[in-house]
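Please see the structure below; I have some questions.
Residue numbers start at 1 and run along the sequence shown. Order of appearance sets the numbers: ligands from 1, and atoms from 1 within every ligand.
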Amino acid sequence: MARYFTDSEVDSSIILNLKVALIGYGNQGHAHALNLRDSGVKVTVGSYEGSKSGAAAREAGFEVLPTIQACKAADVIVMSVPDVPMGDIFRKDVLPALRPGHIVDFVHGFNIHFGLIEPPKDIDVIMVAPKGAGYGVRSEYVRGHGVPGLIAVHQDYSGKAWQTALSYAWGLGCSRAMLMETTFRQETVSDLFGEQAVLCGGIIECIKAGFETLVAGGYDLEAAYFECVHETKLIVDLLVAKGLHGLRKGISDTAEWGGYVAGPRVINEESREAMRQLLREIEDGTFTREWIEENRIGTPNMLQARQIEAESQLEKVGTDLRPRFMK
Ligand SMILES: NC(=O)c1ccc[n+]([C@@H]2O[C@H](COP(=O)([O-])OP(=O)(O)OC[C@H]3O[C@@H](n4cnc5c(N)ncnc54)[C@H](OP(=O)(O)O)[C@@H]3O)[C@@H](O)[C@H]2O)c1
């Protein structure tokens, strides 16, 4: 059974007495840097010559240093660079700066779980993974709340790694919501699986297929867009706020009945077997090997997929419709 923590169980003075270097100022990095600074933590940003986001960090008032210098000057080093180049960045710019007792924090367990980074034994290795995109991590903090966070310790050299991880999560605002104990393996596999099978893969394909089916059946593009794209938010908001039962109570009984009889025809045994296969390929490292190879050759397949999606009918209809009603 996982342990849960909230604000009252966290010692905020730990992180307030440490210097943090955010390596990377992208989606996650900028949110961590801003939240920590607003919580009173001393933050610098590690970057490289010519980095656009390094310039944005400087603009936001942060001291920006070459990564190796930022690491040397810090007690806590946060790896908020993209997962695939992270190993090379670690070996080139972080490892040479490490001293015994340093704390290296990951936002996602990918590199540690798959053995792509092998940290020295005389440092703490922790993970504070906010359950939200960087935008949400920042906007929730600004409105006085926070997103839940997953906490894990891979290496506890100091004997204080847990307390430090909890304290860092306090600085991010996550303990205002909830902190939950996990492992690097649990977080990595479930995160990759959730992205692929549900959030960024399954749901999106379901939306696209629904839109294309209505349009091919001769129905208006706009009606298809509202039904299959726009209204997903209303349903997801209800589900997140009130659960399955609450969601069913918020829709008509016709919609509820239609869902019961039609849903399992769309997501059926074949789809569930596809999900089990995705999980096996994440667990055995197949997905990671293929993603690293795609990066090695310059991501041609990802760029092509991006282009096809950008030019799709669904995207064109949405781009035209959204400004008409979203203010
Ligand atoms: N996106 C999310 O909200 C999200 C959610 C959960 C977990 N995570 C995890 O958070 C970590 C960071 O992902 P992200 O999505 O925030 O990445 P991102 O938005 O792509 O940002 C990466 C940052 O790293 C910088 N960078 C790239 N190469 C660098 C180098 N050699 N030295 C120093 N900085 C360098 C980039 O600078 P330039 O842009 O100037 O090149 C940018 O500021 C990953 O482990 C990811 O799995 C992300």
Just need the protein heavy atom nearest to atom 12 (C) of ligand 1, so name the residue and atom and give the distance.
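Here the nearest protein heavy atom works out to V81 O, 3.4 Å.
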Is any N or O atom of S47, backbone or side chain, closer than 3.5 Å to an N or O atom of ligand 1?
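No - when backbone and side-chain N and O of S47 are compared with those of ligand 1, no distance drops under 3.5 Å.
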Side chain, backbone, both or neither: which part of I89 has a heavy atom under 4.0 Å from ligand 1?
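It is the side chain that gets close, since no backbone atom is under 4.0 Å.
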Nearest neighbour of atom 15 (O) of ligand 1 from the list L22, D93, N27, on a heavy-atom basis
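It is N27 that holds the nearest heavy atom.
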For atom 23 (C) of ligand 1, what is the closest protein heavy atom, and at what distance to 0.1 Å?
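For this ligand atom, the closest protein heavy atom is S80 O, 3.7 Å.
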Would you say M86 has any N or O atom under 3.5 Å from an N or O of ligand 1, going by distance alone?
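N/O-N/O distance under 3.5 Å: no.
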For W162, does the six-membered ring have the charged nitrogen or CZ of R3 within the cation-pi criterion, i.e. under 6.0 angstrom from the centroid and within 45° of the normal?
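Because its charged atom sits under 6.0 Å from the ring centre and within 45° of the axis, R3 does stack over W162.
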Counting non-hydrogen protein atoms only, what is the nearest one to atom 32 (N) of ligand 1? Give residue, atom name and distance.
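It is Y48 CD2, 3.7 Å.
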Below 3.5 Å, can you tabulate the donor-acceptor pairs from side chains in residues 16-23 to any protein atom, sequence neighbours excluded?
unit_1: N17; atom_1: ND2; unit_2: S13; atom_2: O; d: 2.8

Going by atom types only, do D191 and T188 share a side-chain donor-acceptor pair under 3.5 Å?
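No, because no side-chain N or O of D191 sits under 3.5 Å from a partner of the opposite role on T188.
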Give the residue, atom name and distance (to 0.1 Å) of the protein heavy atom nearest atom 47 (O) of ligand 1.
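Atom 47 (O) of ligand 1 sits closest to the protein heavy atom D83 OD2, 2.6 Å.
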What part of T67, side chain, backbone, both or neither, has a heavy atom within less than 4.0 angstrom of ligand 1?
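Side chain only.
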Below 3.5 angstrom, do we get any N/O pair linking G26 and ligand 1?
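By distance alone, the answer is yes.
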To which protein heavy atom is atom 5 (C) of ligand 1 closest, and what is the distance rounded to 0.1 Å?
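It is Q28 NE2, 3.3 Å.
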Note the single closest protein heavy atom to atom 7 (C) of ligand 1, along with its residue, its atom name and the distance in Å.
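Looking only at protein heavy atoms, the one closest to atom 7 (C) of ligand 1 is V107 CG1, 3.9 Å.
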Of all the non-hydrogen atoms in the protein, which one sits nearest to atom 43 (O) of ligand 1, and at what distance?
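Ranked first by proximity to atom 43 (O) of ligand 1 is S53 OG, 2.6 Å.
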Looking at Y225, is R322 sitting on its ring face, NZ or CZ under 6.0 Å from the six-membered ring centre and within 45 degrees of the normal?
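Judged by the rule, R322 and Y225 form no cation-pi pair.
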Among all protein heavy atoms, pick out the one at the shortest distance from atom 25 (C) of ligand 1; state its residue, atom name and that distance to 0.1 Å.
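Its nearest protein heavy-atom neighbour is G24 CA, 3.8 Å.
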